[in-house]
Number of protein chains: 2
Amino acid sequence: MHSSEQIPHPVIRRLPKYLVHVQELREEGVEWASSQEIADALGLTSSTVRQDLSHMDLRGISKKGYETSQLEAVLRQILGADIMHHVVIIGAGHLGRALAEHGAFARRGFEICGLFDRDEDLIGKSFGNAEVMSIHELAEQAGKVKIDIGIIAVPSSAAQNVAEMLVEAGVKAILNLAYKHIQVPSNVTVVDARIMESLQELAYALGKKGKAVN
Amino acid sequence: MHSSEQIPHPVIRRLPKYLVHVQELREEGVEWASSQEIADALGLTSSTVRQDLSHMDLRGISKKGYETSQLEAVLRQILGADIMHHVVIIGAGHLGRALAEHGAFARRGFEICGLFDRDEDLIGKSFGNAEVMSIHELAEQAGKVKIDIGIIAVPSSAAQNVAEMLVEAGVKAILNLAYKHIQVPSNVTVVDARIMESLQELAYALGKKGKAVN
DNA sequence: AAGGTTTTGTCAAAAATTTATCAATACATT
DNA sequence: AATGTATTGATAAATTTTTGACAAAACCTT
């Protein structure tokens, strides 16, 4: 237990869910939350919740559960919500712009410090707090501020190319929104968040249901 | 084997990746793909690929692999990419609009047949092919066309409420883009695609890397 | 302060998923 | 046609993840 060791990936993927829920509880004035309560709210079992939380630096108390403020603090710390991350968005199309204009990032520790596009006509325009820069200025910008995370919001045909530019610029974490798998060196972390894939997953579920006998 | 049985969830999540890659190969004129080739392109092992494909109605051939056109067809069929799904988007903020204006959905079997918002000032405006309707018209619209999928693109505070409206309107599949877990009856499928969570996952990876000894 | 009760933390079992292995197969080459 | 080789499909092993179970802990009530 305790936070120095490696936390399994399925657990990591659940941590943001815990954080949102616990934060809400704390804001409502709820001071304690049991593993069962958390499990019910998130569609898990209490056993899973306790197992997950055992990876972290905190102890619950019998008969009360976990202290929401403490749990929130620990989760924020693990998920890096307390330190500011510098994020660049590549692609100022509909999706890239929507992200740049989305106010919630700053509140969660993600500061948009660059919005890039290939299209000359877009350069200089502003979305949210970000002004569109030429993709060729990416390397230069990387020299000025350390870029923590790059978001790929370009058409899938350009995704791999953009990924390589980000890697060259020294970016070690990439969020890929393009509908295409990208290949990067093993020291770079990629997380996919593809709306199209999620929709296809739903379409599969619908097909399954339609065919079901019961 | 064979498609009547239940396909494990991790497999389902990989299928869209296979589809994208195989489609690309086929368009490039590549007629055969081995499990090893597919694995390399997608960062998997050949064993996993063969295991995954064994759930489907298709046979590879020794020494050649899988026929790309056949594989693509089978994947499209399983993922429902050949039939049109009716999709509504709730929330005409930046993200909802970006999705409505995103042209790629129609090509993949998802037709936006409604864009709803609570804000009276937005009603009547058009984004992409969709005109914003009042959220109160959702039930009415559901009576006219069968809504297959609902996309929740509202602030997290409204997510649960919107989810319930969708359920009442008879929607059986929901894509939740809000940063909050939603609760629905067990006959409704929910898939989360939360950009914020993905970013937090990356932030965790960055923190881990910073602390690593090697 | 003693007893009852709820909930944790941990260990072990069960289930699910991934990976390794290898005989069978089908193609290519000679 | 015979031989060699690459690749599948299937089975089994290994690993990972989830769930179950229960003693220990801590609170509440009397």
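It should be emphasised that the depicted structure is a prediction, and the values quoted were computed from it without experimental measurement. All chains are named by letter (A, B, ...) in the order of the sequence lines, taking the proteins before the strands, and each is independently numbered beginning at 1.
- Taking only side-chain atoms of K63(A), from C-beta outward, the nucleotide of dT19(C), dC27(C), dT5(C) with the closest atom is dT5(C).
- Comparing H9(A) and K64(A) against DNA chain D, the residue whose closest nucleotide sits nearer the 5' end is H9(A).
- Aromatic pair Y18(A)/H21(A): ring centres not closer than 6.0 Å.
- For the pair L71(A) CG and dT7(C) P, the computed distance is 16 Å after rounding to whole Å.
- Dashed line: the shortest gap from a side-chain N or O of S35(B) to OP1 or OP2 of dT8(D) is under 4.0 Å.
- Checked options T189(A), V167(A), N176(A), V171(A); the residue passing with V184(A) is V167(A) (criterion: side-chain contact (heavy atoms from CB on, under 4.5 Å)).
- At whole-Å resolution of the value, CD1 in I61(A) and C1' in dT7(C) are 11 Å apart.
- Atom P of nucleotide dT18(D) and atom CG of D52(A) are separated by 7 Å, given to the nearest angstrom.
- Nucleotide dT17(C) holds its P atom 11 Å from the CZ atom of R13(A), rounded to whole Å.
- The side chain of R50(B) lies closest to dC22(C) when the candidates are dC27(C), dC22(C), dT19(C).
- For L15(A) and dT17(D), the CG to P distance is 13 Å, given to the nearest whole Å.
- Among the nucleotides dC27(C), dG9(C), dT19(D), the one closest to the side chain of T48(A) is dT19(D).
- Rounded to a whole Å, the CG atom of D57(B) is 12 Å from the P atom of dG9(D).
- Whole-Å rounding puts the D40(A) CG to dT7(C) C1' distance at 14 Å.
- A heavy-atom distance below 4.5 Å is found between the side chains of C113(B) and V88(B).
- At a threshold of 4.0 angstrom between heavy atoms, the contacts of Q51(B) include nucleobase atoms, whether or not backbone atoms are also involved.
- Heavy-atom nearest nucleotides on DNA chain D were determined for S62(A) and for R14(A), and the one closer to the 5' end corresponds to R14(A).
- Salt bridge R50(B)/D52(B): absent, no basic N to carboxylate O contact under 4.0 Å.
- S34(A) comes within 4.0 angstrom of the backbone, heavy atoms only, and of no base.
- Between T45(B) and dT19(C) there is a side-chain polar atom (N or O) within less than 4.0 angstrom of OP1 or OP2.
- The side-chain heavy atoms of F127(A) and L99(A), taken from C-beta on, include no pair separated by under 4.5 Å.
- Among the heavy atoms of the strands lying under 4.0 Å from S47(B) is at least one base atom, whether or not backbone atoms are also near.
- Taking atom CZ of R59(B) as the reference point, atom P of dA24(C) lies 15 Å away to the nearest angstrom.
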